[in-house]
Amino acid sequence: MARTDDRYNVKETEAKWQGVWERRGCFLAAEDSPKPKYYVLEMFPYPSGRIHMGHVRNYTLGDVVARYKRAKGFNVLHPMGWDAFGLPAENAAIERGIHPAKWTRENIAAMREQLKSMGLSYDWTREVATCEPEYYRHEQRMFLDFLKAGLVYRKESWVNWDPVENTVLANEQVIDGRGWRSGALVEKRRLAQWFLKITDYADDLLDSLKTLERWPDRVRVMQENWIGRSEGLRLRWALTGRPDTLEIFTTRPDTLFGAAFCAISPNHPLAAELAAGDAGLAGFVAECNRMGTSEAVLETAEKKGWDTRLKALHPLVPGWEIPVYVANFVLMDYGTGAVFGCPAHDQRDLDFARKYGLPVTPVVLPPGADARSFAVGAEAYDGEGTLFNSGFLDGLGVAEAKAKVSDRLEAEGRGTRTVNWRLRDWGVSRQRYWGCPIPVIHCPSCGVVPVPERDLPVRLPEDVTFDKPGNPLDHHPTWKHVACPTCGGAARRETDTFDTFFESSWYFARYCSPKRDDVAFGRAAADYWLPVDQYIGGIEHAVLHLLYSRFFTRAMRDCGYLAVKEPFDGLLTQGMVCHETFKTADGAWVYPDEVVKTDDGTLAEAGTGRAVVAGRSEKMSKSKRNVVDPAHIIATYGADTARLFMLSDSPPERDLEWTEAGIDGAWRYVNRLWRMVAAPAAPLPAPGTAMPDLSAEALKLRRLIHRTIAVVGEDLERFHFNKAVARIREMTNGLGELAADDAGAGWVLREGLEIAARLIGPMMPHLAEEMWAALGHDTLLADAPWPEADPALLVDDTVTVAIQVNGKLRATIELAKDADAKVAEAAALAQPAVAAAMAGKPARKIVVVPNRIVNVVV
RNA sequence: GCGGACGUGGCGGAACCGGUAGACGCAGCGGACUUAAAAUCCGCAGGCCCUGGCCAUGGGGGUUCGAGUCCCCCCGUCCGCACCA
C-alpha cells in the first residue's frame, strides 16, 4: 500500500517535475527546427468531466511514443484538445438544468487538471475545444467550400422519430423500438437533411487502404467491408398491368432462373403507392417503420413480407410471373431498394421462401453433386458450381454465367452492369442544440442561401431553454429569423447542427496552427506537420471516425486547404480496459472499492454487509459499476505507477484487465527502482568516471545492459511496450544481483542505473527525472538523447544449441557461435542423453540449423 | 444476420522466418530479517508417474526431421453495424 512517509515521495516528486517541464517549455513544438518532424496524436476525448481508465491507457501509450521520439531526435508535435459538442451535454441540461456550454467548459477544466496530473508531454499552447466559435467558424466555412465544390447536397432521409419528445433519436436511444426517455413507440420519418458526398471518393478510399501499411490489418478490412464495393447488375422487370418497370440490383444474375420472388423495401416509392390503396399493406409498412433504422436490427429481425399481388415478368422466360413482396429486410438506401430472391442460393431468400411457401429451384450444382437428386434442404448453397435448370446458361461456371447473362440483358437494353457501394453518403444534419450550426439560410423566394462569409461564424445562441420537447434552436424567439442575404426578405436559419463527427474529421489539422483566426490552419504549417505520423485510439473508431477523416482530408485537399490525402500514416488501436464485476444477490451492481472480504473469505458490500458475488471481467462501464477512478489511483500511487501498469502485461492492442494486485506490483517496482538509486548496492563513482578493469561478472552485466538498450529500442519502435517493460525488469534484476563491490562493479552499477532511468523515461517520466537527478546530473532527462548500445557488447562468442532426437529435446550444449555443422553434429552425438534416446539405432538423417538446433532422426 | 478479432500454467502474457513452450510480472508456497506484523530480501514453482520419463498452447484432423506458429473442419468469447463518441 502507498505510504506517504516512503522515501520516494510520489506526490511531491511528480508535481515538482511537472512544474519544471512546464516552466522550461520542454514540450513546445517548433516549426523552424532542423530536426525531422514527428506528429503523434491520441484521439481527443469527449469532456465528460472525469478521465477514465481508457483515457489513461490511450494517453500513456501516446506519451511513451512522444517522449521516445523526442529522445530519438525528432521535432515532436503532441497536442491535446476536446471533442466538445455532443449529446451528453444536452442530457445534462435536460436532467440537471445545467447549460450545455457551462457544463462542457467546467468538464474541460476538470479533465485538463486530471490529464496534467498524468505528466503527459503535451504542447498545451495548442489546445482546442470544438464547441468554441474560434474552432467551429472554420468548419462552417469549410462546409460552404464543400458546397461550392459540389460535395454537399440536400435530400430526404429516414430518421428515428420520438413522437412524444418531438425529437430525432440516435440508434442507441431506441430500446426495443421505443424511445429511451419517453417510452413511446418510435416512428420512422423522412426529413430533409444535408449530405456530404463521401461516395464520390469511394474508389479512392478503398484503393488507398493498400497504402496504409502502418494501419492494423483488421481496421483496413473493416473499412473495406464498410465501403463494400460490389459488382452487379441493375435489371428492369416489367410488371403486369402497369406501364412502369421495377428496377432491382443483384450481384447474382447467374441465379435468375432460380428466382422465386421480388422484394421491395417498405420505403420504396412503389410500396408507398400501393399502400395508399391497401390498408393491410399500409399497416405492414408502418410496422416495419417501427423497427428502427439500424442494420443490426433489420438483419436480426424475423424476415417478414407482404404479398402485393403484383406480378413481375421474368426477364428471360416469357410468361413467367413472379410475385412482388414488400419485405422488411430490403434497405431503401442500398442498391435500388428492390431485389429478386433466389431461395436455393441465398439463406435469407430461402428462409423467406419457406415461410411464404415459395418454390425453391436450385440452379447452381455443387461440384460432385448429381443434377437429378440435388435438392436444397434447410441450407442454401452459395458456393461455386455448374449452372443447371437454367436454359442457355446450363453447363457454365458461376462467373461465366454472370458474364453471359449480363451481356444478353445489356444487349436487350434491360440491364446495366453497375458497381454498387454499401457506403452511403454521410448525413451530417442533426436536430440537436449542442453542435455546430449549419451555415445556411432558407428563403421562401431564393431557396437555400449560404451564409455569406462576412457573417461567419454563425454562433450558437447560449440563451436557450430545454423545458420543451424538440430542438431548442427551433424554439429560440429570435435566432432563426434573419433577412435573406440575397433578396433581403424574411428568411429562416437552418436550425440543424452538424454531426459531431464533423469536428473530429479535421481537428488534427487545426493543431498545426490552432491560434489562427483567418484560416482553419496555415497551409505551410499543414504541409510541414501532416500527415499525423502516429495516431492512437480505440478500436471502436475503426470505421466511422477514421473513414470520415480520410474523406475530409481528400475534400480539404480538393478545396485547396492542404496537400495530403491520407491524414494518418500510422495507426495503433488500443484494447479496452476491463475489470471484474460485482453483484449482490438481488442483481445490483457494486463498485469494486465497496467490496470487502469477510472473515470467512466471502465477499460483501462494505456499507450494507450484503453478500456479493464476483462476475466475469468486462469493459469498465458506469452502468455495471466495474470502474476504478484514475484520479484516486494517481492520488494514491502516482501517475508513474498507473502508467507502468497500463504498459506492463498486456500488449496495447489487446484488452487490459485492471487488477488491484497489478497496480500493487507496479507500485513495488517504482519503489524498488528508487531504492536502487537512493541506496545503491555498491559505491557509485562520480558521473563521467573512466571505465576501470571489469571482472567477468561485471562484464557479463554490462553485456546485459547493452543488450537491453538494443531490445527495448526495438520493442518501443514496434509498440511492444509490455515486452520493453519485461526487458527493463530483467536488467534491473541483474543489477540487483551484482555481488562484488570493487570499482568495476560500482562503475557498471552506475551505468546500469543511468540506462534504467533513460529507458524508463518515456514510461515513467517523473521517476526517471528523479533518478537522473539523484545520480548527480543537473540536466533534464526529458532533454537527453536516447541511449545507444555498444555493438561490441551485443555479440556473444558462444550459443546454446538444442539437441533433439526425433524432434524431442534431449540435451542442450554450448557451441562456438557459427560452429561448423560437422562440429555441431559430432557434439550432439557425443551427448549421453542423445545416445540413450537413439537406443543403439543408427541416425537416418541429421538436421542442423546453425546456432539453434540439431535434430537426429533415427 | 453480416463483418472483424481473439483463445498458451491458477492469472496477465513471452516465444522474430516453423527450431529449447511458459521470458517478465501477478497470485501461491518455503525461508531470512522482526517480540510480532508490514515492508524488504533469498529460494521453489505447467500437469501426471517420479531413476528417468510421459502429457501439455480451445477441440479434431493434416503437412513437416520438427507445429503455439502453416492448411482444413469444429467449439467458445469479445467487438462493429451508419444519430453514442
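Computed from heavy atoms alone, side chains included, the values below leave out hydrogens, waters and symmetry copies. A note on names: the letters A, B, ... follow the listed sequences, proteins ahead of strands, and every chain is numbered from 1.
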Scan nucleotides 69-75 of chain B against the protein and return all N/O pairs shorter than 3.5 Å with their distances rounded to 0.1 Å.
none

Contact class for [X] vs. all strands (heavy atom < 4.0 Å): base, sugar-phosphate, or nothing?
X: A/Ser504; answer: nothing
X: A/Glu730; answer: sugar-phosphate
X: A/Pro45; answer: nothing
X: A/Arg422; answer: base
X: A/Ala661; answer: sugar-phosphate
X: A/Arg654; answer: sugar-phosphate
X: A/Leu423; answer: base
X: A/Ile539; answer: nothing
X: A/Trp226; answer: base
X: A/Gln193; answer: base
X: A/Thr812; answer: base
X: A/Arg672; answer: sugar-phosphate
X: A/Asn855; answer: base

Side-chain heavy-atom pair [X], [Y] within 4.5 angstrom cut-off:
X: A/Glu224; Y: A/Leu206; value: yes
X: A/Thr636; Y: A/Trp667; value: no
X: A/Trp658; Y: A/Met646; value: yes
X: A/Trp434; Y: A/Thr497; value: no
X: A/Asn471; Y: A/Tyr433; value: yes
X: A/Phe352; Y: A/Phe329; value: yes
X: A/Phe44; Y: A/Thr130; value: yes

*Would the A/Phe85 and A/Phe502 ring centres measure less than 6.0 Å apart?*
no
From the set [options], return the single nucleotide nearest to any side-chain atom of [X].
X: A/Arg668; options: B/U40, B/C65, B/G4; answer: B/U40
X: A/Arg727; options: B/G25, B/G12, B/A14; answer: B/A14
X: A/Arg729; options: B/A15, B/A21, B/C24; answer: B/C24
X: A/Val221; options: B/G4, B/G13, B/U20; answer: B/G4
X: A/Ala726; options: B/C24, B/A85, B/C78; answer: B/C24
X: A/Leu809; options: B/C54, B/A85, B/A21; answer: B/A21

*Tell me, with the steps shown, if A/Asn806 and A/Arg844 meet side chain to side chain donor-acceptor pair (under 3.5 Å).*
CA-CA 10 Å; A/Asn806 287 340; A/Arg844 281 198 291 131; 5.7 Å; no
*Mind telling me if B/C17 is syn or anti? Syn here is a glycosidic angle within 90° of 0.*
syn
*Syn/anti state for B/G43 [syn: chi within 90° of 0]*: anti
*Between the base of B/C83 and the side chain of A/Gln431, is there a donor-acceptor distance below 3.5 Å?*
yes
*Kindly say whether, by distance alone, the side chain of A/Arg432 makes a donor-acceptor pair under 3.5 Å with the base of B/C83?*
yes
Using the [atom1] atom in both, what is the distance from [N] to [M], to the nearest Å?
N: B/U57; M: B/C44; atom1: C1'; result: 24 Å
N: B/A23; M: B/G12; atom1: P; result: 15 Å
N: B/G66; M: B/C54; atom1: P; result: 16 Å

*A/Thr732 and A/Tyr669: CA distance, side-chain angles, deciding distance, side chain to side chain donor-acceptor pair (under 3.5 Å) verdict*: CA-CA 10 Å; A/Thr732 51; A/Tyr669 187 60; 2.7 Å; yes
*Within this structure, what is the CZ-to-C1' distance between A/Phe645 and B/C11, rounded to whole angstrom?*
12 Å
*Taking CZ from A/Arg718 and C1' from B/A15, how many angstroms apart are they, rounded to a whole number?*
13 Å
*asked:* Let me check I have this right: for RNA chain B, each base becomes ., (, ), [, ] or |, based on Watson-Crick or G-U pairs with both distances under 3.5 Å. What is the full string?
replied: (((((((..(((......[....))).(((((.......))))).((((..))))..(((((..]....))))))))))))....
*On RNA chain B, check which nucleotide each of A/Lys619 and A/His541 is closest to and give me the residue with the more 5' one.*
A/Lys619
*Relative to the 5' end of RNA chain B, which residue comes earlier, A/Arg852 or A/Leu191, by the nucleotide with the nearest heavy atom?*
A/Arg852
*Kindly write out the residues that satisfy salt bridge (charged side-chain N to carboxylate O under 4.0 Å, His left out) with A/Asp499, not counting sequence neighbours, or none if the list is empty.*
A/Arg430
